[in-house]
Amino acid sequence: MSLRKLVTKANPNCNESEDEDGKAKRETRVALGNGSEVVLIPRFISFDRAWNWFDYLNTHVPWTRPTIRVFGRSCLQPRDTCYVASPGLPQLVYSGYQPHAYSWDDLPPLKELLEAVHKALPGSSFNSLLLNRYKGGNDYVAWHSDDEKVYGSTPEIASLSFGCEREFYLKKKPGKTSQERKSDQEATSKRLKRNHDDQHSFMLKHGSLLVMRGYTQRDWMHSVPKRTKLEATRINLTFRHVLSYNGSR
Ligand SMILES: O=C(O)CCC(=O)C(=O)O
Ligand SMILES: [Fe+2]
């Protein structure tokens, strides 16, 4: 472990922790306001080890491309998926689709990744994992929030990326209070640009870890948009904590 001190940039919304020589950035922390926060650790897993993980996941995960329902219509989900969960948890249902829950014992090496993520995020206790595979730039995830009831009101979600880097967008949901709604409407009708604090983008590199926490799922949406001309595959793992039936941890 290097003894070089971490220094923090002055911007109060974006603490970019860097080595004191300003080179190897360890993590970027973005305070989204009102109790929402995102943290990005660009090199969570080293390059070579991350490729080993990519190969393992690409070949051993039982990927499926399910039919989901979006705005009342059935369509093929624009990416492959797989779901792993500890036994006895409430079922996950999203976009009218209930994925089969594989057990951690079906893919034992995943426990190693789970342990590494737990170690990096003290206090976390993930018990489920949603895996996505984007086979080129036509595959994407549309704007959404992971605000399913099973995750509770302030879920921490840890997202590991492997393979082709892709952009990850965050945008603030339209205001809920009448004052917020009014200023949103005024901005739209005057064709004003929305506040740039209402949108963020991150490049999710091979081996990176992105963490969303606090009220990020309640107040923000995220997406990984299509990228034409991109052919390489990306695999993403999101670790989540599903609450037990009685709502306790
Ligand atoms: O692929 C990603 O980075 C995000 C995936 C995601 O948002 C999800 O599975 O809910
Ligand atoms: Fe998501």
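One-based numbering, in listed order, for ligands and for the atoms of each.
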Query raised in the report: Would you say the side chain of V84 lies within less than 4.5 Å of the side chain of L110, judging by non-hydrogen atoms?
Result: yes
Query raised in the report: So do L204 and E167 actually touch side chain to side chain, heavy atoms under 4.5 Å?
Result: no
Give every pair formed by an N or O atom of ligand 1 and a protein N or O atom closer than 3.5 Å, one pair per line with both atom names and the distance to 0.1 Å, or write none.
| from | atom 1 | to | atom 2 | distance (Å) |
| --- | --- | --- | --- | --- |
| ligand 1 | 1 (O) | Y134 | OH | 2.5 |
| ligand 1 | 1 (O) | R234 | NH1 | 2.9 |
| ligand 1 | 1 (O) | N236 | OD1 | 3.3 |
| ligand 1 | 3 (O) | R234 | NH1 | 3.4 |
| ligand 1 | 3 (O) | R234 | NH2 | 2.8 |
| ligand 1 | 3 (O) | N236 | ND2 | 3.4 |
| ligand 1 | 7 (O) | H144 | NE2 | 3.2 |
| ligand 1 | 7 (O) | H222 | NE2 | 3.0 |
| ligand 1 | 9 (O) | N132 | ND2 | 2.8 |
| ligand 1 | 9 (O) | R240 | NH2 | 3.4 |
| ligand 1 | 10 (O) | H144 | NE2 | 3.0 |
| ligand 1 | 10 (O) | D146 | OD1 | 3.1 |
| ligand 1 | 10 (O) | D146 | OD2 | 3.3 |
| ligand 1 | 10 (O) | R240 | NH2 | 3.0 |

Enumerate donor-acceptor pairs with a distance under 3.5 Å from any side-chain N or O in residues 88-101 to protein atoms, sequence neighbours excluded.
| from | atom 1 | to | atom 2 | distance (Å) |
| --- | --- | --- | --- | --- |
| Q91 | OE1 | Q98 | NE2 | 3.4 |
| Y94 | OH | Q77 | OE1 | 2.9 |

Query - Salt bridge D197-K172, side-chain N to carboxylate O under 4.0 Å - result: no
Query raised in the report: Salt-bridged, E165 to R234, with N to O below 4.0 Å?
Result: no
Report summary line: residues 106-134 vs ring-ring contact (aromatic ring centres under 6.0 Å, His included), sequence neighbours excluded, gives H118-F126
Query - Within-2.8 Å protein N/O/S contacts of the Fe ion (ligand 2) - result: H144 NE2, D146 OD2, H222 NE2
Query raised in the report: Is it true that H222 and Y169 have ring centroids separated by less than 6.0 Å?
Result: no
Query - Aromatic ring pairing F239/W104, orientation class (parallel under 30°, perpendicular over 60°, tilted between) - result: parallel
Report task. Establish, for the pair R218 and Y215, whether the NZ or CZ atom is under 6.0 angstrom from the six-membered ring centre and no further than 45 degrees off its axis. Result -> yes
